[in-house]
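Down below is the structure, laid out as structure tokens.
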Amino acid sequence: MRVRFAPSPTGYLHIGGLRTALYNWLLARKSGGVFILRIEDTDRSRFVGDAEQDIVDSLQWAGLDVDEGPQTGSYRQSERTDLYDAALTRLLDAGRAYVAFDTPAEIEEMRVRLATDANPNPRYDWSTRSHMKNSLTLSANEVAARISGGEPYVIRLRVEPGSDVVFTDLVRGEVSFRTDEVDDQILRKSDGLPTYHLANVVDDHDMQISHVVRGEEWLSSTPKHVLLYDAFGWDVPHMAHLPLILSPTGGKLSKRNAERQGIPVFVKEYRAAGYEPEALLNYLALLGWHPPGEQEIFSLQGLTDAFSLDRVGQSGVQFDKDKLAWFNGQHLRGMTPEAIAGGQMEALRAAYGDVSQDRAVEAATLMHERMAFASDLVAFDYLFRAPETWDEAAVKKRWKDDSPGLVTAYREALAALPDWTAESLESCLRSTAEQHGAGAGRLIHPVRLAVSGVSHGPGLFDLLVYLGRDATCERLQTAVRALA
RNA sequence: GCCGCGUUCGUCUAGGGGUCUAGGACGCCGCCCUUUCACGGCGGUAACACGGGUUCAAAUCCCGUACGCGGUACCA
């Protein structure tokens with residue numbers, strides 16, 4: 001099985017693109033096949049310089065390794081124009097394509113002239129080409145003269161009406177289109193570069209792609225591609241069109257639309273926001289595909305084992321950020337504190353100066369069950385430095401008149417505590433409270449607030465163990481003074 | 001407009017003629033655990049788009065309608 005992910009470098013890798021890449025990658029890995037990255041850079045006007053690098057980086061971050069791609073050979077379409085030109089010559093010679101000289105303005109004029117209520121948007125096709133300037137209506141001499149005179153031209157696919165193009169989509173079953181409805185698609189633009197349709201078919205054949213797995217937006221173009229394969233005399237690869245990822249309200253997941261709803265669209269944004277790549281992939285895999293059982297949490301390897309095209313759905317799917325967050329938490333809980341801390345060392349040091357690896361692992365152990373993102377570790381600042389402010393609402397709720405006295409008594413008891421363990425810290429706290437005729441809660445909450453600045457967090461005694469005697473006593477004293 | 005593809009809880013989905021008083025997951029609500037917050041556990045809420053047909057029997061098959069999405073570019 002040879003599959004490819006073929007993005008256009010017109011922008012950073014999109015979340016939908018990542019899912020397409022994932023499905024292709026899973027198929028390749030499951031079958032022992034080959035995963036190819038092909039850069040479809042035939043649109044010079046929309047070309048974005050750093051997009052290709054972003055695509056490569058994003059795939060690497062996600063863990064989708066590429067077997068063949070720009071790093072291993074000629075996998076950018078801009079480097080392969082000879083191949084397309086040769087293919088075009090074959091098509092022209094066989095009469096399956098023709099040359100056309102109409103300018104964009106002339107085509108627009110035709111559309112306006114021929115538009116009716118029943119057909120508001122006439123195509124350049126079998127029914128209109130006889131009214132246009134092309135090698136089907138002009139003499140061979142005139143065509144040659146125009147070309148040698150430097151007149152711009154395009155090459156179009158000649159699609160004849162009256163038959164059906166039928167193909168079997170691995171996701172949707174049999175799909176058919178009337179050739180009457182297929183336009184004479186441009187194959188080569190006037191700038192000399194091929195369009196997607198031509199380059200895609202030529203490359204898929206040349207690279208011996210066995211399965212074309214792509215988004216549903218390509219379904220309507222597939223008859224053109226089938227016609228091209230047919231014109232070349234090539235076998236059509238297996239086709240599979242994936243359901244589109246929609247915004248949370250069902251609309252298009254465009255950048256603008258998604259951002260308005262708080263949904264990042266670029267993979268790099270998920271990376272920056274601290275998502276675990278495996279969690280993102282896990283969520284994306286389940287968006288439009290369902291494994292046989294009821295298991296939902298999968299490693300990449302687990303996905304590889306379970307994946308198959310026949311369980312891919314057919315309808316558009318709405319992106320749900322809450323569920324993605326849940327997947328992130330599940331994957332985080334499956335990771336070791338060492339792994340979580342390891343990934344945050346850079347950020348921790350940037351925020352708090354010198355933080356040791358061991359210290360970070362202890363912090364991660366403490367917060368493991370409480371984190372939604374690995375990057376949350378950095379946000380729990382009281383783990384790495386003493387609080388300088390104390391949450392106002394928490395103070396109001398928990399810091400009572402007797403708090404300074406109780407906290408001070410506890411601090412004095414702690415200073416003399418023989419061993420610094422959660423058990424001894426707890427019994428010490430309970431006896432201190434009892435001596436003062438107060439419930440344990442009367443002391444637990446103020447102590448937590450004093451040492452962390454907030455009213456929630458890990459088990460108090462585990463936190464104090466983590467902080468150590470000196471820091472604990474210091475923080476208690478500081479808070480008593482500050483909250484006076 | 002035309003062409004194509006869709007339509008099961010709010011969302012992701014299971015199910016493919018009887019096992020469906022429709023199962024799971026996210027979210028939401030409640031309870032338990034925890035004198036915190038999470039995690040976890042338990043329970044609850046909530047769906048077969050509509051109308052015809054086929055059949056002893058339809059969420060499942062067929063037709064139509066509605067709605068949604070995609071396409072209709074010298075963009076991919």
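All chains are named by letter (A, B, ...) in the order of the sequence lines, taking the proteins before the strands, and each is independently numbered beginning at 1.
- If you look at A:F327 and A:F298, their ring centroids are not closer than 6.0 Å.
- A:D322 is linked by a salt bridge (charged side-chain N to carboxylate O under 4.0 Å, His left out) to nothing, counting only residues two or more places apart in sequence or in another chain.
- Listed for the A:H14 side chain is a donor-acceptor partner under 3.5 Å among the backbone atoms of A:G16.
- Within 4.0 Å of A:R111, counting heavy atoms only, lie sugar-phosphate atoms of the nucleic acid but no base atom.
- A:S221 comes within 4.0 angstrom of a base, heavy atoms only.
- Taking every heavy atom of residues 252-263 of chain A and every atom of RNA chain B, pairs under 4.0 Å involve A:K252, by number.
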B/S/- contact track for nucleotides 40-48 of chain B, protein heavy atom under 4.0 Å = S--------
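- Inspection of the A:N282 and A:H331 side chains reveals an N or O donor paired with an N or O acceptor under 3.5 Å.
- Residues satisfying the salt bridge (charged side-chain N to carboxylate O under 4.0 Å, His left out) criterion with A:D381, sequence neighbours excluded, are absent altogether.
- Residue A:E181 places its side chain closer to B:C2 than to any other of B:A14, B:C2, B:C5.
- Heavy-atom distances under 4.0 Å link RNA chain B to A:K189, A:S190, A:Y196 of residues 188-197 of chain A, given in residue order.
- Partners of A:R214 under the salt bridge (charged side-chain N to carboxylate O under 4.0 Å, His left out) rule, at least two apart in sequence or in another chain, do not exist in this structure.
- Within the shown strands, nothing qualifies as a pairing partner of B:U54 under the Watson-Crick or G-U definition with both distances less than 3.5 Å.
- Listed here is the closest heavy atom pair of A:K133 and A:D102: N-OD1, 2.7 Å.
- Within 4.0 Å (heavy atoms only), A:T10 reaches no atom of the nucleic acid at all.
- Between A:T42 and B:A76 there is a side-chain polar atom (N or O) within less than 4.0 angstrom of OP1 or OP2.
- A donor N or O paired with an acceptor N or O is not found under 3.5 Å between the base of B:C39 and the side-chain atoms of A:R370.
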